[in-house]
Structure formats: C-alpha cells, structure tokens
Amino acid sequence: MSHNPFDDLREFFTVLDSINTSFHTDPRTAGAGRFGSTMRSSGGFAPAVDISGTDDGYTLTADLPGCTSKDVDLKVHDKEICLTASRDITHAPEGDIYRRERRGGSFERCWSFSSSIVEDKVSAELTNGVLNVSFPLVKEGIHKNITIK
C-alpha cells in the first residue's frame with residue numbers, strides 16, 4: 001500500500017484543534033473557579049463536550065459517534081468526573097485513500113469542580129452516539145438551625 005500524505009497531518013490537526021479550543025475557553029473558568037479541564041488523546045479522537053448547569057446540578061453532553069456503552073467509561077471521585085472512550089475505525093479499503101477525516105483512537109477527559117459531586121446521584125445515558133451525564137454537586141454553605149432543648 002502506498003504512503004498516504006494525509007496521515008502525516010493527523011498530529012497537526014490534533015494540535016490545531018487544541019489551539020482552536022483554547023480560543024473558545026473562558027480563561028476565568030479554565031483550570032480554576034467553577035470547573036477546570038484536562039484531556040489526553042491518542043489517534044486524534046477528541047469529541048466535543050458541553051457542560052451546562054442549573055441550581056440543581058450539571059449536565060455533561062458528549063458527542064461519541066460510533067461508540068457503544070462498552071467503549072465508554074465514566075468515573076467520579078470527590079470533585080472530579082473523568083470520561084474515557086475509544087473508537088476503532090478499522091476498515092480495509094480497496095485502493096488508495098485520498099482523504100481521511102474520520103478519526104479513531106482513545107481519549108480521557110477530566111473536569112474538576114469547586115464542590116464535590118454527589119456520587120450516588122450521577123446518571124448517564126448513551127443514545128444515538130450522544131452521552132448525557134447528569135450530576136448534582138454538594139451544596140456548600142447550607143446552614144441548618146438546630147433547636148436547643
């Protein structure tokens with residue numbers, strides 16, 4: 001099989017995606033404040049993730065096309081939630097590949113929050129390649145009046 005010059009650009013596109021993401025990250029919240037994020041990726045597979053929140057908790061939505069629940073791992077510990085997934089794009093095309101945009105591989109992404117996650121209230125569902133994770137944070141600063149007898 002002949003060498004495909006587009007394969008050499010994978011690492012370049014991974015770095016470019018990382019740079020583009022940094023321009024769309026609010027520096028006031030990245031790595032501090034409400035939540036911070038870290039990511040490790042191999043093979044260029046790095047899905048888009050949205051995090052939204054209300055007074056009741058947060059929702060994490062990740063695009064994981066081609067992944068099944070067996071390909072995805074979600075871990076919660078204290079103030080951190082970590083998502084790990086892998087996607088295998090294996091095919092043996094006949095002839096030369098002229099363009100390859102689909103990426104396989106694996107990634108791990110972790111987010112840290114300012115308060116602990118209520119671990120037994122986390123729910124996750126993967127439907128049609130979209131992962132939805134809902135979780136509340138421990139409400140800090142809530143005071144309870146104690147009646148003295």
Side-chain angles (χ1 to χ4, degrees), residues 6-93 97 99-149:
F6 292 106
D7 287 341
D8 296 335
L9 295 175
R10 261 187 200 213
E11 185 67 27
F12 170 76
F13 286 121
T14 301
V15 172
L16 185 62
D17 287 344
S18 175
I19 291 168
N20 286 335
T21 300
S22 69
F23 283 113
H24 299 290
T25 301
D26 186 345
R28 296 169 295 176
T29 59
R34 287 179 102 174
F35 59 90
S37 172
T38 60
M39 184 175 90
R40 286 186 289 278
S41 175
S42 70
F45 175 49
V49 174
D50 294 335
I51 298 176
S52 59
T54 66
D55 290 339
D56 296 327
Y58 286 88
T59 300
L60 181 148
T61 304
D63 289 339
L64 300 170
C67 291
T68 66
S69 59
K70 294 177 185 177
D71 303 322
V72 180
D73 186 42
L74 187 67
K75 289 187 168 79
V76 176
H77 179 69
D78 195 27
K79 297 180 180 183
E80 186 173 71
I81 188 165
C82 292
L83 173 64
T84 306
S86 61
R87 182 171 71 182
D88 187 21
I89 305 287
T90 56
H91 61 286
I97 297 173
R99 184 169 186 94
R100 177 174 282 165
E101 294 181 357
R102 298 181 315 130
R103 296 181 182 167
S106 63
F107 82 98
E108 178 182 70
R109 190 132 181 225
C110 298
W111 295 269
S112 297
F113 294 84
S114 58
S115 298
S116 295
I117 297 168
V118 182
E119 295 179 15
D120 60 342
K121 299 283 185 181
V122 177
S123 65
E125 184 176 354
L126 180 64
T127 306
N128 296 328
V130 178
L131 176 69
N132 287 297
V133 182
S134 298
F135 54 96
L137 299 180
V138 172
K139 295 186 188 252
E140 295 183 18
I142 295 177
H143 299 284
K144 179 181 176 185
N145 289 331
I146 307 297
T147 304
I148 300 173
K149 297 181 184 178

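A quick note: this is a predicted structure, and the numbers were derived from the prediction, not measured.
Not one N or O on the side chain of Arg87 forms a donor-acceptor pair closer than 3.5 Å with the backbone of Leu64.
Atom CD of Glu80 sits about 11.5 Å away from atom OG of Ser116, to the nearest 0.5 Å. Here the SG-CG distance, from Cys82 to Asp73, works out to 9.5 Å after rounding to the nearest 0.5 Å. Residue Phe107 holds its CZ atom at 4.0 Å from CG of Leu83, rounded to the nearest 0.5 Å. Summarising the geometry, atom SG belonging to Cys110 is positioned 16.0 Å from atom NZ belonging to Lys79; distances are rounded to the nearest 0.5 Å.
Considering all non-hydrogen atoms of both residues, Glu119 and His77 come closest at OE2-CA, 3.6 Å. Of all the heavy atoms in Ala62 and Val49, the pair that sits closest is CB-CG2, 3.9 Å. Between Cys67 and Ser86, the closest heavy-atom pair is SG-O, 3.6 Å. Closest approach of Leu74 and Ala124 over heavy atoms only: CD2-CB, 3.9 Å.
For Ser69, there are no side chain to side chain contact (heavy atoms under 4.5 Å, CB included) partners, not counting sequence neighbours.
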Chi angles and distances behind the side-chain contact (heavy atoms from CB on, under 4.5 Å) call for Tyr58, Ile81: CA-CA 11 Å; Tyr58 286 88; Ile81 188 165; over 6 Å; no
Enumerate donor-acceptor pairs with a distance under 3.5 Å from any side-chain N or O in residues 125-138 to protein atoms, sequence neighbours excluded.
residue : atom : partner : partner atom : Å
Glu125  : OE2  : Thr127  : OG1          : 3.2
Asn132  : OD1  : Thr61   : OG1          : 3.0

